[in-house]
Amino acid sequence: MPDDGCRYELIEGELIRMSPAGAEHGAVIMNIVGPLFQHVGINNLGRVYAAETGFKLRSDPDTVRAPAVAFVSRERVDHAGMVRGYWIGAPDLAVEVLSPEDSRRQADAKARHWLAAGAKLVWVVDPKTRRVTVYSAPVEIINLSEGDRLNGEDVVRDFQLPVADIFRTLNS
């Protein structure tokens, strides 16, 4: 990856430049990562990774993606030990937060890519519509609004977060 201060993802050997996250994007991520990190830590479920953490999904040509938030189970973390470079394989949970320039089609394709690479659960968070789309399989897709609760299903056991809390710091 270039060392030019920009963020990139590597998709089938092609560098894709990513814009830096805006303030709204960062606030939404923190509203997710804070409760998730606390829950995972208290229950010794695994490890939560912050934005910018690369997951190598494929080799020759290489694909390295970085979700906004990721979770890897305790079993996988213990088996791998401390990973110095990119995590090999998909996280168990990948969370993507849409930026204003992201399309729903792009988000859907990225979620399906995570699932195809081995993720068990993907949350796509849309600050504009204040909705979360949950993918637990390519055909198991649930749309949640602010009156609903997001849960970790069997991936992040017993985790729940009101969808409204994800967007609580955003102006209407």
Side-chain angles (χ1 to χ4, degrees), residues 1 6-12 15-16 18-22 24-59 62-99 102 106-127 131-138 140-142 144 150-161 163 165-167:
M1 299 285 190
C6 294
R7 295 179 337 135
Y8 291 89
E9 284 189 328
L10 184 62
I11 311 299
E12 296 184 8
L15 280 176
I16 307 297
M18 312 292 285
S19 299
E24 178 182 71
H25 192 97
V28 167
I29 290 171
M30 287 307 299
N31 288 343
I32 296 167
V33 80
L36 182 64
F37 180 80
Q38 183 176 18
H39 178 81
V40 167
I42 288 170
N43 294 288
N44 196 29
L45 298 176
R47 190 166 290 145
V48 176
Y49 294 93
E52 313 283 331
T53 302
F55 290 82
K56 188 172 183 180
L57 306 178
R58 183 175 172 195
S59 296
D62 290 354
T63 294
V64 178
R65 296 205 104 145
V69 181
F71 163 78
V72 178
S73 71
R74 168 66 43 217
E75 296 77 22
R76 292 180 65 207
V77 168
D78 289 347
H79 183 262
M82 178 49 72
V83 176
R84 301 278 177 224
Y86 300 126
W87 184 274
I88 303 301
D92 295 293
L93 166 66
V95 181
E96 295 288 351
V97 177
L98 295 181
S99 297
D102 293 333
Q106 289 171 316
D108 183 65
K110 199 168 191 180
R112 290 175 192 279
H113 191 241
W114 282 117
L115 291 172
K120 296 175 183 162
L121 187 62
V122 180
W123 299 336
V124 175
V125 180
D126 188 346
R131 297 180 68 81
V132 178
T133 305
V134 177
Y135 298 77
S136 53
E140 290 185 44
I141 302 168
I142 299 169
L144 303 175
L150 183 62
N151 74 72
E153 300 181 11
D154 60 346
V155 178
V156 187
R157 191 178 60 252
D158 299 326
F159 178 75
Q160 291 193 26
L161 180 64
V163 172
D165 286 2
I166 295 170
F167 306 110

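What you are looking at is a predicted structure, and each value in this text was computed from that prediction instead of being measured.
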Residue pair Pro67 / Ala94: nearest heavy atoms and the distance that separates them:
CB-CB, 4.2 Å

Would you call Asp126 and Arg131 a salt bridge, taking side-chain N to carboxylate O under 4.0 Å as the test?
no

Would you find more than 12 non-hydrogen atoms of other residues, nucleotides or ligands less than 6.0 Å from Gln38 atom CD?
no

Going from CD1 on Ile141 to CZ on Arg112, what distance comes out if it is rounded to the nearest 0.5 angstrom?
4.0 Å

Matching residue for Val122 among Leu115, Val155, Thr133 - test: side-chain contact (heavy atoms from CB on, under 4.5 Å)
Leu115

Give me the atom names and distance for the closest heavy-atom approach of Gly152 to Leu121.
O-CD2, 3.7 Å

The single option from Val125, Val28, Val124 that satisfies side-chain contact (heavy atoms from CB on, under 4.5 Å) with Val95 is Val125

Over all atoms of both residues, closest heavy-atom pair of Gly118 and Ala90
C-CB, 3.9 Å

Rounded distance [0.5 Å steps], CG in Leu98 versus CD in Glu24
10.5 Å

Shortest non-hydrogen contact from Gly46 to Val40?
O-CG1, 3.4 Å

For Phe37, what residues pass the side chain to side chain contact (heavy atoms under 4.5 Å, CB included) criterion, not counting sequence neighbours?
Val48

Residue pair Asn43 / Asp158, side-chain heavy-atom distance below 4.5 Å
no

Rounded at 0.5 Å granularity, tell me how far CG in Leu36 sits from CD1 in Ile29.
12.5 Å

Among Trp114, Trp123, Tyr135, which one satisfies side-chain hydrogen bond (donor to acceptor under 3.5 Å, both in side chains) with Glu96?
Trp114

Rounded to the nearest 0.5 Å, what separates atom CZ in Arg65 from atom NZ in Lys56?
15.5 Å

Specify the closest pair of heavy atoms between Val132 and Ile166, including all atoms of both residues, with the distance to one decimal.
CG2-CD1, 3.9 Å

Side chain to side chain donor-acceptor pair (under 3.5 Å) involving Ser136 - partner list, sequence neighbours excluded:
Glu140

Closest non-hydrogen atom pair, Arg157 against His39:
O-NE2, 2.7 Å

Check: Asp102 and Lys110 side chains under 4.5 Å, non-hydrogen atoms
no

When rounded to the nearest 0.5 angstrom, what distance separates CG in Leu45 from CG in Leu93?
11.5 Å

Relative to each other, are the rings of Phe55 and Tyr49 parallel, tilted or perpendicular (30° and 60° limits)?
perpendicular

